Amino acid sequence: MDELMQDGNAIAGLLQEVFAAEMTTAVGTCGNCASAGPVGAAHLYRGAGIVLRCPHCGNTPAKIVKRDSRIWVDLRGIRTLEFTV
Ligand SMILES: [Zn+2]
């Protein structure tokens with residue numbers, strides 16, 4: 001590794017900043033229809049986990065499963081997230 005190629009530990013502080021931010025007011029862009037809006041406006045469904053659906057096309061921007069002290073997050077349905085830190 002050199003200064004241009006490091007491992008993820010090099011951005012530990014940035015990751016803490018990103019994942020501690022208020023997310024309901026973050027503006028997400030749907031990976032399917034490209035609509036943008038606050039995460040808090042997404043439709044929420046509860047089952048074995050949490051599923052957030054785009055209110056415009058029904059895409060699933062986020063799936064979250066929490067079990068005991070572990071959390072799994074699937075964000076493959078979201079194109080971008082924009083928020084203030
Ligand atoms: Zn959508």
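Starting from 1, each residue takes its place in the sequence as its number. Quantities reported herein were computed from a predicted structural model and do not represent experimental measurements. When a ligand or atom number is given, it counts from 1 through the structure's own listing order.
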Please list all pairs passing the salt bridge (Lys or Arg N to Asp or Glu O under 4.0 Å) test where one or both residues lie in residues 44-66, with sequence neighbours left out.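 Non-adjacent pairs meeting salt bridge (Lys or Arg N to Asp or Glu O under 4.0 Å): K63-D74.
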D7 side chain to N9 backbone, donor-acceptor under 3.5 Å: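 Checking the backbone N and O of N9 against the side chain of D7, a donor-acceptor pair under 3.5 Å is found.
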For G77, does its backbone N or O pair with a side-chain atom of N59 as donor and acceptor, under 3.5 Å?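 The answer is yes, because a donor-acceptor pair under 3.5 Å joins these two groups.
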Protein N, O or S atoms less than 2.8 Å from the Zn ion (ligand 1), ignoring waters?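 Less than 2.8 Å away from the Zn ion (ligand 1) sit C30 SG, C33 SG, C54 SG, C57 SG.
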Who clusters with V18? Use side-chain heavy atoms, under 4.5 angstrom, across I, L, V, M, F, W and Y, and order the result by chain and number.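 Result for V18 is I11, L14, L15, F19, M23, V39, L44, I50, L52, I64, I71, V73, L75, I78, L81, F83, V85.
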Nearest-0.5 Å distance, SG of residue C30 to CZ of residue R79: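 These two atoms lie 7.5 Å from each other.
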side-chain hydrogen bond (donor to acceptor under 3.5 Å, both in side chains) pairs, two or more places apart, involving residues 18-37: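 Applying side-chain hydrogen bond (donor to acceptor under 3.5 Å, both in side chains) to every pair that reaches into residues 18-37, excluding sequence neighbours, yields E22-T24, T29-T80.
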